[in-house]
Amino acid sequence: MDRQREREYDFTEVEERWKKEWVATNPWAAPDFPTGPKRYLVTMFPYPSGDLHMGHVEVFSIHDTIARYSRMQGFEVLNPIGWDAFGLPAENAAIKRNINPKTWTYDNIAKHRASMERLGISFDWDRVFLTCEPTFYRWNQWLFLQLYERGLAYRKAAAANWCPKDKTVLANEQVIAGRCELCDTPVVKKWLTQWFFKITDYADRLLDDMEILTGWTERIKNLQRNWIGRSYGAEVNFSIEGRVEPIRVYTTRPDTLWGATFFVVAPEHPLADELIAGTGKESELEAFREQVGRLTEIDRTSTEREKKGMFTGKHVINPVTGEPIPVWLADYVLMDYGTGAIMAVPAHDQRDFEFARSYDLPVKVVIQPPNETLDGDTMTEAYAGEGSMVNSGEFDGTSTDVSVEKVTQWLEAQNLGSAATNFRLRDWLISRQRYWGTPIPIVYCDECGEVPVPDDQLPVELPEQVDFTPQDEGVAPLATAHEWVNVACPRCGKPAKRETDTMDTFVDSSWYYHRYLDVHNESAPFDPEKDRAWMPVDQYTGGGEHAVLHLIYTRFIQKFLMDIGMTEDPEPFPALLNQGVITMGGKRMSKSRGNVVEPVEAFERYGADALRLYMLFSGPPEAPFDWPDEGVRSIGRVTAPWLQRVWRLCEDVADMPVAPDDATRGPAELALRKFLHRTIKVATRDYENFSFNTIVARLQELVNEAYRYRAVGGNNRGILLEVVESLLLLLAPMTPYLTEEEWRRLGHDESIHDQSWPEYDPTLAAEDEVTL
RNA sequence: GCCGGGAUGGAGAAAUCUGGUAAACUCGAUGGUCUCAAACACCAUUGCCUGAAAGGGCUUGCGGGUUCGAAUCCCGCUCCCGGCACCA
């Protein structure tokens, strides 16, 4: 069109001007009580470990597009933001720079906020909170005490995951393939007394309520199912000479009970001490345990490693055959799953088989496959498939599809055992031997023992005068704050000491989305009335890497809050959108690798709109995106030129004089209108499906059509105005700045972001009939 | 081993739910207009084979099936990605 391009869209000037206005007026503030259809939209609040990175830009672009589209569709929208400001990475970064974690955190939050404003994200800035402020974390302490009162927060000694580098324990979910989630150091087991939240009480509900999660991908639900790991089976009693209580084992195959030829107890099990006592094998047990304890989780769980065991010298009675079978200790049996003891059926379990061959224990076949005859002496691997029972008394001939149920019923009738369910999920270990977190509101008194801090003494504030560097193993930095540690017992008034561990920061994020709804409340974490008005979250967006961390903890705490009457929905986030990971050269962007594209550089060279649109156009939101090698420059090839093209079209139309025949329609005008209305129809459908890349494609076609119309001499201002105004409305959720500027340029006094979504004429939008 | 997801041009992708012209849109590439020149912008070509062209033939990981018609639905494979894994 205008080859000379005397003028160009000055995105820097336009974006700065509107940003200033939006920051000054907070136009997207939401009321506490919506009066019409509502949408509560939450994006996972960021962790301030530096400035925003492209992953944030991606998810905020997606999220903000949904928010702006929802408003134009007539919903009342609440779109808040806050910061997940406590935690280990900030603390480590601060220690490295020899400054207080608070200073470091607040600096980063200021940077984050400036970048969010520059990106034009339509947050309600009146509802901001930081989890590291006492006004927030005192409600973490409240939550802890609520759980404590109901027996769902408890302290126990257990073999905990210990990161030797970060010098703290970690929850199971924070150990990725045997390594620390944060620093990748191999984790070791350490026997410590720690605080736990009893998430296992909610295991069934966490699984069963997944039916409600219709807006979650199979991928994430599958991860959670695997993580929770429910299995059905039976517990069976084995009696032992000289002991009143029988020993229980859990098995998923009670139908193989007749083939149990030995019995194994986890080496750490207290029962091991009992069995060994008086046999003269105490030192051997000690050595064996030490050998097992030295292994990292990676070594211990390696399938290649040969299983090691130790005979106790004791026997238990197989309850169905009446025969004594030897009791062993072995490193392949886990202390914290089932009962910590198993019946070993080497013929039909591969692990038991390998152990039996190593230690020359008998292998007895009790399931015969249909087409061959197994022999325990000659078989080379366990047979775990289907077949019919043999060597099993009255059950001989029973087939596998009914045998488990029949045997379980019989065991119950004989009083030998009962049906049982087990989970892979472990209780959530929330103690951390670190400084930058919520103090656990417990006091230890010599007289009264463990005493919860009464509500009127909350918050237990995090002291500032502390040596916050990690201390020797198992000692928290807060132990160095002597004045803070030593308090009067809340119950008897005698000298006592505070708990010095802090809470896992996943406690903060497990309920934060409620706090937005009542951010200034000083007497409760939130008002259930206000909560009811906005909950549940209609759309949650964020990274899929939290599948078994945040996303499982938060579902648990939501259910708990429902149980105590604070909130009404069993699930906090019925719909979840996980954006794809952004990489460059197939690797995660990182400064040390030198493959980082900085959002700030993109703002300066191409503007926020072009960056947002680039993120949305790159592919479906959930798809991973490998950023081209040329870096920020690729925005200058893809979306920045197209926005200039949109701008020129708008300017062209804005400059056209009003003519008397603007309302007349020839064939070319009709064709363009039909194209426009089809575009509105399809783009609207695509917005509903979050298919942003195809919306952009469709709008590009529309712009191409308009240019073509102009190129062949089309000059009907009426039709062009309809096209351009609709185009701006359809584009407004994705590129808020340019659309606002040009909307005003076309003579409107009100913000484009307050307009209603354009409607299409169904007659015009109908596809032309195709004759087959 | 168990569970889940996926495979379409040189690249990102679209069409898959709801079977109907496969490859929209964009990048890259090639040629052109403009320019002293370059950049920008604009125009054209661009799945593969064949052909001077018109045209013809083939094509959605592989093999079958259903159907007038299959990228799409069904059955059986292969490969890739992700998760879990000594969980009894």
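Basis for what follows: all heavy atoms, side chains included, without hydrogens, waters or symmetry-related copies. Below, read A as the first sequence line, B as the second, and so on, with proteins coming before strands; counting in each chain starts at 1. Being a predicted model, the structure only gives us computed values, none of them experimental.
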- Query: Does the A:N318 side chain pair with the main chain of A:L257, one donor and one acceptor, at a distance under 3.5 Å?
  - Reply: yes
Listed nucleotide nearest any side-chain atom of [X], set [options]:
{"X": "A:L223", "options": "B:G83, B:C86, B:C42", "value": "B:G83"}
{"X": "A:E218", "options": "B:C84, B:A13, B:G4", "value": "B:G4"}
{"X": "A:V638", "options": "B:A41, B:A13, B:U26", "value": "B:U26"}
{"X": "A:N226", "options": "B:C86, B:C3, B:A24", "value": "B:C3"}
{"X": "A:I342", "options": "B:A13, B:A88, B:G83", "value": "B:A88"}
{"X": "A:F617", "options": "B:A88, B:U26, B:C3", "value": "B:U26"}
{"X": "A:S231", "options": "B:G28, B:C42, B:A88", "value": "B:A88"}
{"X": "A:W227", "options": "B:C84, B:G83, B:A41", "value": "B:C84"}
{"X": "A:D331", "options": "B:A14, B:C86, B:A88", "value": "B:C86"}
{"X": "A:T694", "options": "B:C84, B:A14, B:C27", "value": "B:A14"}

Ignoring backbone atoms, test whether [X] places a side-chain nitrogen or oxygen under 4.0 Å from the OP1 or OP2 oxygen of [N].
{"X": "A:R219", "N": "B:G6", "result": "no"}
{"X": "A:R424", "N": "B:C84", "result": "no"}
{"X": "A:R698", "N": "B:A24", "result": "no"}
{"X": "A:N704", "N": "B:A24", "result": "no"}
{"X": "A:Y332", "N": "B:A88", "result": "no"}
{"X": "A:N693", "N": "B:U26", "result": "no"}

- Message: Under 4.0 Å, heavy atoms only, any strand: does A:R645 hit a base, just the sugar-phosphate, or nothing?
- Response: sugar-phosphate
- Message: Just to verify, which of A:W627, A:F692, A:W642, A:Y606 counts as forming a ring pair (Phe, Tyr, Trp, His ring centres under 6.0 Å) with A:Y614?
- Response: A:W627
Nearest whole Å is fine: how far is [N] [atom2] from [X] [atom1]?
{"X": "A:L616", "N": "B:A13", "atom1": "CG", "atom2": "C1'", "value": "15 Å"}
{"X": "A:I635", "N": "B:U26", "atom1": "CD1", "atom2": "P", "value": "18 Å"}
{"X": "A:D629", "N": "B:G12", "atom1": "CG", "atom2": "P", "value": "13 Å"}

- Message: On RNA chain B, compare the nucleotides closest to A:T252 and A:R633; which residue's is nearer the 5' end?
- Response: A:R633
- Along RNA chain B (nearest heavy atom to each residue), the more 5'-positioned of A:P641 and A:D686: A:D686
- Task: Please step through side-chain hydrogen bond (donor to acceptor under 3.5 Å, both in side chains) for the pair A:Y250 and A:R248, ending with a clear verdict.
- Result: CA-CA 7 Å; A:Y250 171 74; A:R248 287 176 85 78; over 6 Å; no
- Item | Residues A:E705, A:R708; criterion salt bridge (Lys or Arg N to Asp or Glu O under 4.0 Å); working and verdict | CA-CA 5 Å; A:E705 286 300 315; A:R708 240 168 252 144; 2.8 Å; yes
- Task: Using the six-membered ring of A:F196, assess whether NZ or CZ of A:K156 lies under 6.0 Å from its centre and within 45 degrees of the ring axis.
- Result: yes
- Query: Are any of the side-chain nitrogens in A:D209 or A:R555 under 4.0 Å away from the carboxylate oxygens of its partner?
  - Reply: no
